[in-house]
Amino acid sequence: MLEHLKQTKRGNYGPGHCKVRRMIELLEESDREILLECLADRDAYSTYGIWQGLRAANLDIGHTSLTRHRDGVCPCGGSNA
């Protein structure tokens, strides 16, 4: 009855992989530094604002993925904020 669920499997990186870390690794050095600075400064940059900025640059990342990464509960572990 639920066989169709297996056919709609997401093509993500799977367990143990952080989508944000993967995106950071693929960025050019200057962009990587900007993003890491923004992610680290919670007082100046909201997760929503970062997410909107990434979308405006055509970088596809979920708001929840960013939140988990900043909160240190993604597969990267530790504090990423």
Side-chain angles (χ1 to χ4, degrees):
M1 177 168 73
L2 297 177
E3 292 81 14
H4 65 285
L5 291 177
K6 287 189 167 194
Q7 296 171 356
T8 58
K9 183 177 178 182
R10 291 175 54 182
N12 63 14
Y13 298 106
H17 297 278
C18 176
K19 294 176 185 180
V20 176
R21 179 62 56 196
R22 179 70 179 141
M23 181 184 65
I24 289 169
E25 291 171 355
L26 296 174
L27 292 173
E28 293 180 12
E29 183 65 30
S30 59
D31 290 333
R32 182 180 309 124
E33 290 175 12
I34 291 168
L35 180 55
L36 289 173
E37 180 181 329
C38 292
L39 288 170
D41 191 349
R42 286 181 174 263
D43 293 330
Y45 303 99
S46 69
T47 302
Y48 183 78
I50 294 169
W51 177 70
Q52 287 287 79
L54 292 172
R55 286 187 57 187
N58 293 319
L59 293 171
D60 185 28
I61 193 77
H63 183 275
T64 303
S65 295
L66 283 172
T67 301
R68 288 179 182 153
H69 186 80
R70 287 185 103 186
D71 291 344
V73 295
C74 65
C76 290
S79 177
N80 298 301

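All heavy atoms count here, side chains included; hydrogens, waters and symmetry mates do not.
Not counting sequence neighbours, the partners of Gln52 by the side chain to side chain donor-acceptor pair (under 3.5 Å) test are Tyr48. For the side chain to side chain contact (heavy atoms under 4.5 Å, CB included) test, residues two or more places apart in sequence or in another chain that qualify with Ser65 are Lys19, Val20, Ile61.
When every heavy atom of Met23 is checked against every heavy atom of Leu59, the shortest pair comes out as SD-CB, 4.1 Å. Closest of all the heavy-atom pairs between His69 and Cys74 is ND1-SG, 3.5 Å.
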Show which side-chain atoms of residues 31-39 pair as donor or acceptor with protein atoms under 3.5 Å away, not counting sequence neighbours.
residue: Arg32; atom: NE; partner: Ile24; partner atom: O; Å: 3.0
residue: Arg32; atom: NH1; partner: Glu29; partner atom: OE1; Å: 2.5
residue: Arg32; atom: NH2; partner: Glu25; partner atom: O; Å: 3.4
residue: Arg32; atom: NH2; partner: Leu27; partner atom: O; Å: 2.7

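Note that CD1 of Ile50 is 9.0 Å distant from NE2 of His63, once rounded to the nearest 0.5 Å.
No donor-acceptor pair under 3.5 Å is formed between the side chain of Arg21 and the backbone N or O of Pro75.
Considering Leu66, Thr67, Thr64 in turn, Leu66 is the only one that fulfils the side-chain contact (heavy atoms from CB on, under 4.5 Å) rule with Trp51.
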